[in-house]
Amino acid sequence: MIKLVNVSKYYHNEGIVSLGLRKINLEFNIGEFVAITGESGSGKSTLLNVISGIDTYEEGELYINGEETSHFDDDDWEEYRKNTVAFIFQNYNLIDSYTVLRNVEVALVNQGYDFKTRREKAKEILSRVGLHKHFKHRASKLSGGEKQRLAIARALAKDSEIIVADEPTGNLDSESGKQVLALLHEVARDKVVLIVTHNYEQAANYVSRKVRLFDGEVVEDKEVRTFIPQEPEEKIYQKMSELKKSSIISFYNFFGQPKKSILMLLVSLATVLFVFLLYGSLLNVDDYVTTPGVSLEGYGNFYKERMIVIRKDQEPLTDEDYNKLGKNKKIRSIIKEDSVVDINFLLVDDSLKKFSYMGGNLGFLFDYDEANLLGRLPEKEGEILICTYVMEDDILLMKSFLDKEYNFQLSSYRKNYDFNISFNKNYKLVGVYNTPVYPSKFVISEEEIKEVYNYLRCEGGNYELSFKGEKYTGGINFLKVLYDPSLTGNQVKSLQLNDFLINDLSFELFWEDQKLDIIKNDNYDKFNDLYVSPELFEKMVPLVYNQYTLNLYKASDARSVLDFLYDNGYYGFSPNLSGYAYGFGMDYILTKIINFVILGFSIFVIYLLSYLIFKAILNSKVHDYTILRIIGFQKSNIRQIIFLEILTSFIFAYILFSISYQYIRIKYPVMDIYELQDYLFIGLINLFLGVFITLKFIRYQKKRSLFSTLRVEG
Ligand code: ADP
Ligand code: MG
């Protein structure tokens, strides 16, 4: 079975060569129970280590079942250790966190047995070593003798031809020692059992042979009693993939050490959470507006201090809302006529030759430098100020353009409208704010804002009048209703009425139940417009405010104001925060690039941090991993086990987070900024983090020798 021919082993330590074994010639066969004795330092452990493939030898040849081993590489030795040798240590090397049953089952996993067979076999073997009362006990709770019997049970479960035991009775009282020896004696009937012992007298009654070493040499080798040679049994290997074996073990570990698993879960959760928030805050602010079920009227003006507010119940805003919002100290002003903020002004008049093209949104001059102001701010209806850059040389010329009227085209720029409204208006240019910072901005007074709102408040409306006449009765539709201050009472004017009906004096025109007075006119040019008196206008187009624009003092208050709004029954939207996606050009791309760099860097830092914690947790498990290797699991199994343990906690954390996030999402729609692809992307980042942490830990572990810790103890 095992044959050593002139085997020598030297230890090289810092230039000093010491002898481990010298020209050993021994042969062991199935059925033998051999006691190896000798003084401390005589080479007993070294001999066992060489025989069991834990240690190498320098000279001679070790034959296993007739096969030379001097050409064995690491994989061959792994295979040999996995299938042929089982170890029993003086300090037992059990997995303390497992139950007695599981300590045996773990060896059976490596044999490839299914769950049921593992249970049955483990119970059978444990009964054989007298531990049937302790199946469910933790290994750490057993007495020394019981632990050693459990170690033997585990060795038996491995079903190897060779069992080596380095001072298995060293830690036991004599009664337990005897039990262990008796057990090994029984086991030795169909195996080779080699035990190192200090106390030969105790073993003498059981062993079949005694080998004594001195200074690395065999000085005595005698048969104590005859043994019956046995043929090695044909081993039947069960088929189970290595990955499945690793999964079973990582499952055992995950639930066997709940505290560590929970800690790993928490670290993973923190990592997942961090990545989620980071990703959201850097890359996905643009989706604020896509809250399901919330319909914003839209916006096209993106200045930083702007915030749009609607009520959660999506009803029009009232004076009460206005007062409530006005109390917030971070809000500088409230523009009820929100849609005016999105008006696009275009200077049409080309009498301003030098500045002939100018277009842009409505703006506000909150903090302005008096020195840059040519003229003054608009104070009443019909006045306008332009923000633009005027070169030094042109300032005088520009001044000469002030206080004159110019024609502007005003067009509404709102996402949700079916049609664009645009109309022309004359304004008196009262001021120019000379700035390169925000050119193309137009400032009008509060009164003018209200005035312009009258053009917009009927946007998208559909107003139906009915008429009753001798020749015709029916309805007539107008898309827009406008007012004409020259009209009073129920007076109306329209081109449509002109062409079609006005000369037929025998009909009457109604809006709802009110009879209208048709005024003949000839200079209105819009076919779909109905001009009415101011009083009638208020009735036909009631003044409602579906959304307000708030101007904040500081753009950086946006998030806290969003929270304030949310808590007080509103949805708030910051076009600036939400607007990245609609902006293009260099700034947009640059922002994205910077965000990616920040994201990458932060993820790298969180990776290092969570690695450090994982490393500490895994280091505390290394002892168990080493024991698994001694039982016969291979390096690749250990890698898979570590990988699966880390991955399991990451996946758990990811699922846990995603589920709780769904809950938050439903409760706080404004926070709802993630879409499916974001979940997938974030999942992927976390998966990579798990993989990197595993790889890094394995690389770190590689530098440490597997058996070094146990060899000292053995
Ligand atoms: P035993 O188990 O009989 O007490 P060992 O087999 O452990 O003895 O040691 C045999 C000899 O080899 C001793 O002289 C010991 O100092 C030496 N030795 C054992 N392990 C090492 C090692 N890792 N490095 C250097 N010398 C060693
Ligand atoms: Mg020793």
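What's counted below: heavy atoms across the whole structure, side chains too, no hydrogens, waters or symmetry copies. Start at 1 and go down the list; that is how both ligands and their atoms are numbered.
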Counting each atom of ligand 1 from 1 as listed, which ones have a heavy atom of [X] under 4.0 Å away?
X	value
Ser18	26 (N)
Leu19	11 (C), 12 (O)
Asn13	24 (N), 25 (C)
Glu39	3 (O)
Ser40	4 (O)

### Query
Which atom pair, heavy atoms only, marks the closest approach of Trp77 to Ile64?
CZ3-CD1, 4.5 Å
### Message
Please find the pair of heavy atoms, one from Arg128 and one from Leu183, that lie closest to each other, and give the distance.
### Response
O-CD1, 3.9 Å
### Task
From atom 11 (C) of ligand 1, work out which of Gly216, Gly41, Gly38 has a heavy atom at the shortest distance.
Gly41
### Message
If the condition is side chain to side chain contact (heavy atoms under 4.5 Å, CB included), which residues does Glu124 pass it with, not counting sequence neighbours?
### Response
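By the side chain to side chain contact (heavy atoms under 4.5 Å, CB included) rule, Glu124 matches no residue at all.
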### Contact list for residues 24-38, test side-chain hydrogen bond (donor to acceptor under 3.5 Å, both in side chains), sequence neighbours left out
Asn6-Asn25, Glu32-Arg209
### Task
Indicate, as side chain, backbone, both or neither, the part of Thr46 found under 4.0 angstrom from ligand 1 when only non-hydrogen atoms are considered.
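Within the 4.0 Å criterion, Thr46 contacts ligand 1 through backbone and side-chain atoms alike.
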#### Entry: Ring centroid separation Phe276 to Phe657 under 6.0 Å
yes
### Query
At what distance, to the nearest 0.5 angstrom, does CG of Leu108 lie from CG of Asn103?
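The CG atom of Leu108 sits 11.5 Å away from the CG atom of Asn103.
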### Query
Do any of the N, O or S atoms of Ser45 sit under 2.8 Å from the Mg ion (ligand 2)?
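It does; at least one qualifying atom falls short of 2.8 Å.
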